[in-house]
Amino acid sequence: MQVLLVEDDDSIAVPLVEGLARFGIVARHVTTGAGALAAPPVDLVLLDLGLPDIDGVDVCWELNRTRNVPIIMLTARRGEADLVRGLEGGADDYLAKPFSLRELVARIRAVDRRSRADAVARLTGSAQPGSAQPESAQPDIRTAGRLAIDRTTREVSVGGVPVPLAPKEYDLLDMLAARPGAVVLRQRLLEQVWATAEGRGRTLDFHIAALRRKLGDPAWIETRRGVGFRLVPLP
Ligand code: CA
């Protein structure tokens, strides 16, 4: 697999390129946003947010607009605002510096697996939000690992066993399952499920806790502290 590493700091980039090679990942390295936008196609982009020429978040938006490539943002914890903008702009995941090579490789593999699964779903015509699907009597089912959500009846099951959920719990799970593995921002969940982000933070956490309990394993929903949650497709 081939990735594009966009990182202006050579003291970070050089060991990363060498390290990734040991895991069979070929990293092409560029040091600027302009270089990233001009680079030939790759399987995945690792994008530093602090770049000398173009704001990394803008690079992320532009890559997402012009190419169908998964993006992992690398951030020096400058602030949540950038992270949130990046995730809204189409980045698939992020890692805060300093991170270990192992962590990065695990994240790359997870994002890569998911984007391949998405591509297969598109080819086979599975329901994709926003795609032009003809209206039909086909059941609209979202799956993630052992989890299945029948969106026509609002029924949820894990490994074939029905899981009764309260309406808000169902809405939360349905949003998380739209892109299994992708981080969904707290803000988006609050706005979509409660129509307001105002003073609802505790309510959201309470519902997530209930959802974890009902799904039978807390590992189904991973917390990204201060940012959001992601659904982990447990086998
Ligand atoms: Ca930088």
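No hydrogens, no waters, no symmetry mates; every other heavy atom, side chains included, goes into these values. Being a predicted model, the structure only gives us computed values, none of them experimental. Indexing begins at 1, ligand by ligand and atom by atom, following the structure's order.
- Coordination check, I12 versus the Ca ion (ligand 1): failed, since every N/O/S atom of the residue sits at 3.0 Å or beyond.
- For the Ca ion (ligand 1), the N/O/S atoms of D8 include one lying under 3.0 Å.
- Panel note: side chain K168, backbone V193; a donor-acceptor pair is recorded below 3.5 Å.
- The main-chain N or O of L5 is never found under 3.5 Å from a side-chain atom of R28 such that the two would form a donor-acceptor pair.
- Between V158 and L215 the shortest side-chain heavy-atom distance falls below 4.5 Å.
- With hydrogens and angles left out, the side-chain atoms of R186 and T223 include no donor and acceptor closer than 3.5 Å.
- Nearest to the Ca ion (ligand 1), among the N, O or S atoms that D48 has, is OD2.
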